[in-house]
Chemist: 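Sharing a structure below in structure tokens format, with a few things to ask.
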2 protein chains.
Amino acid sequence: MRVLGIDPGLSRCGYGVVDSGPGAGERIVSAGLIQTAPSAPLGERLTEFLSEMTSLLEDYRPDVVVVERILFRKNAKTAFGVVQAVGLVHLACHQAGVAVLEYSAAEVKLAVAGHGAASKFQVQRMVQLIGDLPSAPEPPDVADAVALALCHLANMRGGGAARAASREPLAQAD
Amino acid sequence: MRVLGIDPGLSRCGYGVVDSGPGAGERIVSAGLIQTAPSAPLGERLTEFLSEMTSLLEDYRPDVVVVERILFRKNAKTAFGVVQAVGLVHLACHQAGVAVLEYSAAEVKLAVAGHGAASKFQVQRMVQLIGDLPSAPEPPDVADAVALALCHLANMRGGGAARAASREPLAQAD
């Protein structure tokens, strides 16, 4: 199974392609950034973003795309770009016939680093360890995108930290 | 000159095509709604919206597109759709090589109805009068879209209600 994780943004959007097979661990196939220039006109930036997202889907043919669930932010200008980037992820995936799932940042942190309030640094370190990488992915947007993909794979297996943590109280109650 | 006004929204997006020539008044060429079903998946709705917007640009070939400048709203779910629709307007216009301008709702009300706090009903009535229509455009989204186009044409002429109102105090000071 191949999962494409997306940490959405218009200036800087992290992506991470992760494979997982029966009996095999997770393998980070590719990870990086889509970037558009904040000084360029909005229509040009969105066109460029959509083109890059479409290329990612064509190049890596993921089974599913996982994008971070967004909340309103304090900085309206940044938030608009994030919301528009998420829209284009859904648009590109619909056109490519790929399903899109959303996880909250807290769910991702719980699944990957063991608790929902993990720091960006902890997420980067865990992604480095799980992916057996020589160094932590930079910038954090890239690590977050890989973590989104890992979170979904953990949930699919039913054995992720998120599941384990959320099941613990139930087991104790028995 | 042909202006396409857009009152953005994903469930319901008003549009109005208005022509204006030297010595001639404004003529409403077409006005209506782009609608997508709130129950459909987001990617499907955005794909449909982009397709309809692209068709509008191809069918009417406006010289400029005028879209309402959006602010954060209380209902986050609605606001996301509006922000994503605005993004697709910019995307479609960039692809069609048409410039996009933004006016605030208050600027439009001032230009069309004479004061920035005009009601939706007043805007509908003024659009009916200016456009010499048998009845007020319904729903208000359609009237708002036509009003956006009229606002831009008034500003282009330099003789709109908005300009007149903002100039008056200067004239009095002379």
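In what follows, chains are A, B, ... by sequence order, proteins preceding strands, each numbered from 1. Keep in mind that the numbers below use all heavy atoms, side chains included, and drop hydrogens, waters and symmetry copies.
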Chemist: Heavy-atom distances under 4.5 Å only: say whether B:Leu10 touches chain A with side chain, backbone, both or neither.
Modeler: neither
Chemist: Might you work through the side chain to side chain contact (heavy atoms under 4.5 Å, CB included) test for B:Gln84 and A:Leu88, ending with a clear yes or no?
Modeler: CA-CA 8 Å; B:Gln84 287 167 339; A:Leu88 294 185; over 6 Å; no
Chemist: If you measure from CD1 on B:Ile70 to CZ on A:Phe80, what distance do you get to the nearest 0.5 Å?
Modeler: 4.0 Å
Chemist: Mind checking the NE2-CG spacing from B:His94 to A:Leu46? Nearest 0.5 Å is all I need.
Modeler: 9.5 Å
Chemist: Under 4.5 Å between any side-chain heavy atoms of A:Thr47 and B:His90, yes or no?
Modeler: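 They are not in contact (no side-chain heavy atoms under 4.5 Å apart), so the answer is no.
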Chemist: Grouping I, L, V, M, F, W and Y whenever their side-chain heavy atoms are under 4.5 Å apart, do A:Leu33 and A:Val17 come out in a common cluster?
Modeler: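 They do not share one cluster, since no chain of ILVMFWY contacts under 4.5 Å joins A:Leu33 to A:Val17.
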Chemist: Are A:Phe121 and A:Leu110 linked, directly or through intermediate hydrophobic residues, by side-chain heavy-atom contacts shorter than 4.5 Å (ILVMFWY only)?
Modeler: no
Chemist: Find out if a path of hydrophobic residues (ILVMFWY) with successive side-chain heavy-atom gaps under 4.5 Å connects B:Val29 to B:Met53.
Modeler: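 Yes, it is one cluster - the side chains of B:Val29 and B:Met53 are joined through contacts under 4.5 Å.
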Chemist: Would you mind checking which part of A:Val89 comes under 4.5 Å of any heavy atom in chain B, side chain (CB onward), backbone (N, CA, C, O), both or neither?
Modeler: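 Contact with chain B involves no heavy atom of A:Val89 at all.
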Chemist: Would you say B:Leu148 ends up clustered with B:Val142 if hydrophobic residues are merged whenever their side chains have heavy atoms under 4.5 Å apart, either directly or through other cluster members?
Modeler: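 No, separate clusters.
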Chemist: With a 4.5 Å cut-off on side-chain heavy-atom distances among I, L, V, M, F, W and Y, is there a chain of contacts connecting A:Val98 to A:Val67?
Modeler: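 Yes, A:Val98 connects to A:Val67 through the hydrophobic network.
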Chemist: Non-hydrogen atoms of chain A under 4.5 Å away: do they reach the side chain of B:Val100, the backbone, both or neither?
Modeler: neither
